[in-house]
Structures are given as C-alpha cells and as structure tokens.
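Numbers restart at 1 for each chain; the letters A, B, ... are given by sequence-line order, proteins then strands. Predicted model, so just to flag it, every value in this text is computed and none were measured.
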Amino acid sequence: MNSSEHYLEGLNEQQRLAVSHGEGPVLILAGAGSGKTRAITRRIAYLIDRRICDPREILAVTFTNKAANEMKERLEQLLPGLRHYPLLCTFHSFGVRVLREYADKLGYRRSFTICDTDDQKRLLKKVFKDLGLDDEQLPVEKCRAVISRARNQGWTPDTLPKQIFSRQAEDISTAFREYLRQLKESNCMDFDDLILLPVELFEKHPRIRERYNQAYRHILIDEYQDTNAPQYKLVWLLTRIHQNVCAVGDEDQSIYGFRGADINNILRFESDFPGAVTIKLEQNYRSTQTILKAATALVANNLDRKDKTMWTDGPQGSPVMVYVAYDARQEAETVAHKIGQYLRNGESKLAVLYRTNFQSRQFEEALRRLDIPYKLVGGVSFYHRREVRDALSCLQFLRDNANSTSLARIINNPPRGIGKTTLEQVQSIVEQRNVSMWDAIRIGLEEDLYPSRAARALRSFAESVGRARKHLELPLHIALERILKELGYIQHLEDEKTEDAENRLLNINELINVARDYEGREDSMQEFLDHASLRSEADDIDDNARVTLMTLHNAKGLEFPVVFMAGCEEGLFPHSRSIDENTLEEERRLCYVGMTRAQKQLIMTYSKTRRFYGSDPGRSNLPSRFLAELPGDLTETVLIDSYGSVYGSNRPSPVSLGADSLFNPKPRNASSYKGKTYNTVESITQALENKRKSSPGFKSGDEVSHSKFGRGQVLMVEKAGDDLKITVSFPGKGMKKLLQSYAKLKKL
DNA sequence: GAAGTGTTAAATCGC
DNA sequence: TTAACACTTC
C-alpha cells in the first residue's frame, strides 16, 4: 500500500503519538476542538496501512450513524482504493447486527422489531390498563424512565423495590415485569435491549463471545465519556482475548448522564485496562483565545474532572457577547436580525443553540419573517410523524405477524369496522388461548367465535393482509406502495381532501423514496426498518445549511464560525430539573460544549421573561449563573432597546445600555392584575368589570359539586375570550380548569 | 361504529 | 398554544 503516510501529515506531536500508537489499550483525552475525531480516523488509517490488522478486524464505535458515515468518507480519502472497510457504527447498530444473527439464542426471532420511546410508552400504557394501574398516581413517562434507568443499573423487577425508596416501588416493579413480558412476547426490543441483550448473549455463550473477540481485534470508541454501564460491559466483553481498545473522549463534554452515561467510565479507564497509555490532546484548533478562555473558566467550576489545560495559539478574537432581551420574541427577533447581518457580510455558517426543543419555534418564526432560510434539527422528525409510523407499522406487522403492537396500530386505521367491542373479543381469546393477537383473529374466524358483523370485518381485513403479504416479494419501494394501497391507507388519505391529508400523502411518498435507496440490499426491508428506528436527530444535520437551529445536545462534535446560545436563564439553562436533581455539573458541561462550538464569535442571549404553554403570563427570570461565571473582561453585555424597536426595521441591531429595562419585566406604564399585564388603568377597570359581569353564578370560595370530580371549591373565575374559566380545586384530584362547564358544575 | 365536539394535559436532553 | 383523548351524537 502507499507508504507516503500522509495520514501523519499536519499533526502535532501529541496527535502523532495518539495516531501511531501500536497495540494495547490507549486512552486519548482530547479536549474540545483538539481534532479528536480526526485523530481517531487517522489512527484507523494507520492500523490498516501498517498492516497491523485487516480493515475488517477493526470496529469503530461512533456516537451517531452520521459520524460513522463521515468517518468512512474520510477513510476513503486517506486510503484511496481500499477494498474492505472497518465496521463503523454506533453501539446500538452494532447491537442490532449481533442480534440479527443470534437473537434465537435468547428466545427471540431474528426478525424482531425495534421499539422506540413512543412505542415503549404505548406498550406501557397498555400494561397499565391490563394491570389496572392509575396513571394519575404514577405517570407513564416517569415509570418508563425509572424502568430504563433500572435496567441500565442491572436491576430486575424483583430487585427494584429494594433499590428505590418510593411508595410506588411495588407498582413500578409489577409494571416493569409485565412490560418485559409483553415486549418479548411481541418479539420487540427497546433501545436498552439492543445493548443489554448482546451483553447477555456474550455472557451466556462464551463461544459466540470468543468469535467476536477474534473477529474484531481492534476496537475504537469515540465519545467515550458518554458511554453507559452496559456499553462499558459490552466493550469489556469484546476485549477479553486482546486489549486493543482505544477510547477517545473528554470528561468535560459528558452530557448524557440522564440516559445512563457514566463519566466514571472514562475517569477509571486506566484501572480498567491495566497498562493503558494516556495521551492528552490539549491544543485547541477551533476557537479564538477569548472563547476558549471563557469556556475554560466556566468549566473550571466543576469539581468532577481530570486536569486538562486547553490552549490555542489562534487569534485573540472579539469578546463573548451577552444580549439581554425583554422576552423570548424579542430575543428571537434580535438573533434573526443579527443572523441577517452576518449573512449579508458573507458569513458561511451560523448556529442557534438552545436547551429545549420548544424554544425553536420563536426562532423559526423570526427567521421566516426575515425570509432567512434555516435548517431545523430534531423536533417532530420525519420518522416520528403519524403517517410514517403507520406505514412502517404495516411493514413490521406483515413481516412478523406476532408483532401485536404494530397490528394494534393498523387494524382499524383506516377505519374498517373493527371497533372497541370487537377488539375486546379478540383480546379475550388472546388471554384464554395465550396466543398472539393475529392468531386470535384467525382462530376466532376458524372456530366461528365472533358475531357475524365483526367476523365479516375481520375476515375482510385478514384477506387484505393475505393479499398485501404477497407484495413483500417485490422491490421494497414498490412493495411499500402496493401494501399501503392494499390496506386502504392511501385511499383513505386521498378521500379526506384536506390540506393535512395532502401533506401526509407527501410524507408517504417521501418514505417510498427513501425505501427506493434500499433496493438491492440483501434484506432491504430489514435494513430500511432498522434505519428508521435507529436514526438519530443528529443525522438530519445538513452540512450545507447556512443557518442551523438545534439543541445543545445535538451540537456535540460540530463547529460553526458564529454561534448563538439562546435562553441563558436560571431555570431554563441550567434547567430547573437539573438544579433539583443536583446534576448542575452536567449542565455546566453542556454550556461548555455549546460555547466551544464557536470558532470566531459567540453570542449568548438571555430573556428577562418567558412564557410557558402559550397563554400563561410571562414568568420573569434571572440570568443564568453560567453567565456570571464568565470572566468579565472577556464578555460584553448588550441590552436590547425598548420593546418593538427591532421589528420590521433594517437598522443595525439596537444597542442601548439602559439599566431600567433589565429588572423591570413589564413595558413602561403597565400595571398588573392577577398576573396579567395591562397597559392602562382603564383596561384594568374594564377587566374587573368584565369579570364581574361574566361570573353571575360562581365566585371564588364557593362550594361546588362537579358531575365527574365530585365536591370541590372554586379558586378563581376569569374570562377567557367569550368563555368563562373556572378554576376549582377538588380534594384528591388536584386543580381543574373548567371551561363552559356549568352544566356539570352545581353550586352547593 | 364513525364523525364530531369538548376537555385536558403538556414540555429537558435522545439512541 | 396544540395534540391527544374522552365523550356525545347520530
């Protein structure tokens, strides 16, 4: 092969060491912007080019499939004409790969379906129903999170109650057990299974483990700081006959603790893999000195970290800007306006980063008003849309009839006369005979167990399924289209003739287009479905977009000349739940990650008030403590001019340093009444008058009785548009807001 | 059983 | 604010 070793070109001494280290465990502690992904890619090139191993003996685990694809492209450039490639994928994809081969050893069929979080919730909801659990006392989402966390800790339904101290421990444990049972029964695996089951497989079947040990003689793991306990265990099992493991990570960038990532995996690498060589990459090639210093000063407030000093010999750069806006809308307007300026000045790439997805809307609207094209990452993604999931469920059910979850989703969608009563009858056969839902339908039809009308509907559906199944042999995209036609899904959408239905049809077409790309693969449908399930939001990142909107988490590993970090407010960032849960250090690392995405200019914004759920009065908040942790000489604070001055103008972004607007959350001349803001005394009088007029029947303090919730007490009566909103507290049921509910509400 | 209407809950981050 | 669900009516 070529001996020019150009994969060593342009590297500094430390990087060169990391790339050309031979066999044995290596830990590369690589700070932000130090070129760690570049180092790992070049190391792979080195291993191949020096014939230290065959390309096919290398397993490189990346954080997203997109990162894996990019790594493959880089390898193609570094080693042109390479005949074989390493296995480059995520932990989850690797798990699927193993399980598609060996699932039968664990009592699954190899055609198993991957359940995402939505599917999990749906299944858990059903479990609650079956067990008679009340989701008012135990929210399904909370239960799901607890179960997932428990599994990653290695707890079982039996040991769980001993581990957590909660009144609901028993209920959670029961739901946990039933959830696992039903999941496996429908031959489904959730995301946790994709890691836990390979671990179980390797532990129960040493021969299989050995096979993998021999097959992958070099293992490289990027973003090691974000691996969790089962993933660590998987790595451990994969390295039992050799210790050729190269972990690359940065403990300051560990931001996935909430899904079990354990920062200790990286902190104790050296003791886990004796003889490990540690190489630090401390030179930053990305950001200006100012940005790097500010970010470093921030993260230095964390106690739980290794000592690592990042430095750069890049330019000084301009100060970190801090914009203070009056409300979220103004914050977004200002950011959009600034983005417009940067674009006009020829800036190539900008990003707006925020803590939570719901913040994106304001920025979308503001950018649209200025006709600035942008790319949104995450949110309600294509693969989570209802019609796309319906279509995928059709495929999943047709290829595996035992998949009752998918069947339940499509059986009466489009409506085909199989309603609640009929489904209850099916369900009772499921329980009596202990068979799958599909079998229950067939058995019931054969033995004439259904009333004639239900039987007719079920038979027609079953026949339709039989015909649809024949299409499975066709090329994937044709199969998909014919199946959806056969099951009446497309016809149903066409009949609706609404704009919404048209959009859904377009999405179906788009899905068919995606399917076309999978044509000709060995098991194209399987790969297509796996792709849909394992796709990550970060995969949607479009490198060509000039303006990108995304969460801080999705920004991991990326860089932009100009970065806006929005919503730097106490309660939002750091998030209130993080403050409660004592995971403040992780929030600070997230802030560090966000700041170090910026190459030339970093702008952090903060809004003094913010609304939640639309109509609630804007809550005023304090600036994020992270802003206070930035060295004052590196930042410059800008207060946005009085409300309204930015709108519709092409003037440069307003800059005015009037302190009064900082701590006065209301526009001038405004007064407030019951948390609502009114601009004049007259409007308050009017509001009070309206209230008096419109609440003839009820006033606060009244004892009332509601047809559904029983006895209660009126807390507040207010006008909502033309209606009345009555807030009543019901003992044991909490507070209810009732709109137009007089008929159900009686004065006592 | 389906279509239409009313009510409520919701939103941290994500494979 | 919106989307899911629950309930009502035909």
Side-chain angles (χ1 to χ4, degrees), chain A residues 62-65 89-96 114-118 120-122 125 135-136 139-141 145 148 152 189-195 223 226-228 230-231 255-261 353-362 365 377-381 383-384 386 412 414-423 453-454 457 496 500 530 533-539 550-556 567 571-581 583 586-587 589-590 593-594 611-616 707-709 723 725 733-741 743-744:
Chain A
T62 53
F63 198 71
T64 61
N65 285 311
C89 61
T90 63
F91 271 111
H92 289 89
S93 307
F94 177 73
V96 170
I114 303 164
C115 276
D116 68 9
T117 314
D118 282 345
Q120 271 185 304
K121 271 192 217 163
R122 199 166 299 117
K125 220 172 233 180
D135 70 342
E136 283 216 15
V140 170
E141 171 52 28
S148 177
N152 286 322
M189 298 183 188
D190 63 18
F191 287 140
D192 296 324
D193 280 326
L194 298 184
I195 312 295
E223 309 284 9
D226 284 320
T227 53
N228 63 18
Q231 285 165 343
I255 54 173
Y256 279 92
F258 69 90
R259 65 181 210 208
L353 310 180
Y354 36 79
R355 179 63 174 81
T356 64
N357 269 313
F358 79 89
Q359 289 169 260
S360 69
R361 214 174 108 189
Q362 297 273 5
E365 285 170 9
V377 177
V380 182
S381 77
Y383 286 92
H384 283 97
R386 198 170 71 205
N412 200 32
R416 31 172 86 83
I418 303 173
K420 204 169 68 180
T421 324
T422 310
L423 286 179
R453 198 163 115 183
E496 241 183 76
D500 184 56
D530 286 350
S533 307
L534 292 179
R535 208 184 149 67
S536 81
E537 291 184 349
D539 294 343
M550 69 184 124
T551 61
L552 287 156
H553 282 86
N554 273 326
K556 175 156 119 162
L572 185 60
F573 188 39
H575 197 275
S576 52
R577 291 181 48 174
S578 305
I579 300 171
D580 301 342
E581 286 164 19
T583 49
E586 179 154 315
E587 292 283 297
R589 290 193 290 268
L590 188 57
V593 168
R611 299 164 169 261
F612 290 89
Y613 307 129
S615 64
D616 284 345
S707 54
K708 186 173 162 202
F709 306 118
D723 301 315
K725 192 160 81 183
K733 305 263 185 182
M735 237 167 55
K736 306 274 178 205
K737 288 192 174 113
L738 308 170
L739 217 57
Q740 297 176 316
S741 288
K744 296 175 188 165

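In this structure, the side chains of A:Asn228 and A:Tyr256 stay at 4.5 Å or more apart for every pair of heavy atoms. Put simply, the side chain of A:Arg535 does not reach to within 4.5 Å of the side chain of A:Asn65, judged on heavy atoms. Proximity of A:Ser93 to A:Leu534: side-chain heavy atoms (C-beta onward) are separated by under 4.5 Å at one or more points. Put simply, the side chain of A:Glu141 does not reach to within 4.5 Å of the side chain of A:Gln120, judged on heavy atoms. Taking the side chain as every heavy atom from C-beta outward, A:Arg355 and A:Glu587 approach each other to under 4.5 Å.
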Enumerate all atom pairs, one protein N or O and one N or O from nucleotides 11-15 of chain B, separated by less than 3.5 Å.
unit_1	atom_1	unit_2	atom_2	d
B:dT12	OP1	A:Arg577	NH1	3.2
B:dT12	OP2	A:Arg577	NH1	3.1
B:dT12	O4'	A:His575	NE2	3.2
B:dT12	O2	A:Arg355	NH1	2.8
B:dT12	O2	A:Arg355	NH2	2.2
B:dT12	O4	A:Glu581	OE1	3.4
B:dC13	OP1	A:Asn357	N	2.3
B:dC13	OP1	A:Asn357	ND2	3.4
B:dC13	O4'	A:Arg355	NH1	3.3
B:dG14	OP1	A:Glu537	OE1	3.1
B:dG14	OP1	A:Thr551	OG1	3.0
B:dG14	OP1	A:Asn554	ND2	3.1
B:dG14	OP2	A:Asn357	ND2	3.3
B:dC15	OP1	A:Ser536	OG	3.4
B:dC15	OP1	A:Glu537	N	2.9
B:dC15	O3'	A:His92	ND1	3.4
B:dC15	O2	A:His92	NE2	3.0
B:dC15	N4	A:Thr117	OG1	3.2

Restricting to nitrogen or oxygen on both sides, can you table the protein-nucleotides 3-5 of chain C pairs closer than 3.5 Å?
unit_1	atom_1	unit_2	atom_2	d
C:dC5	OP1	A:Lys125	NZ	3.2

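With both ends at atom C1', the span from B:dC13 to C:dA4 equals 23 Å, rounded to whole Å.
Side-chain atoms of A:Gln359 and A:Thr356 include a donor-acceptor pair closer than 3.5 Å.
Rounded to an integer number of Å, the gap from A:Arg416 CZ to B:dA3 P is 13 Å.
Backbone-only contact: A:Asn412 has heavy atoms under 4.0 Å from sugar-phosphate atoms and none from a base.
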After noting the C-alpha distance and the side-chain angles of A:Phe258 and A:His553, does the key distance pass the ring pair (Phe, Tyr, Trp, His ring centres under 6.0 Å) rule?
CA-CA 12 Å; A:Phe258 69 90; A:His553 282 86; 5.7 Å; yes
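When ring centroids are compared, A:Phe191 and A:Phe91 stay outside the 6.0 Å threshold.
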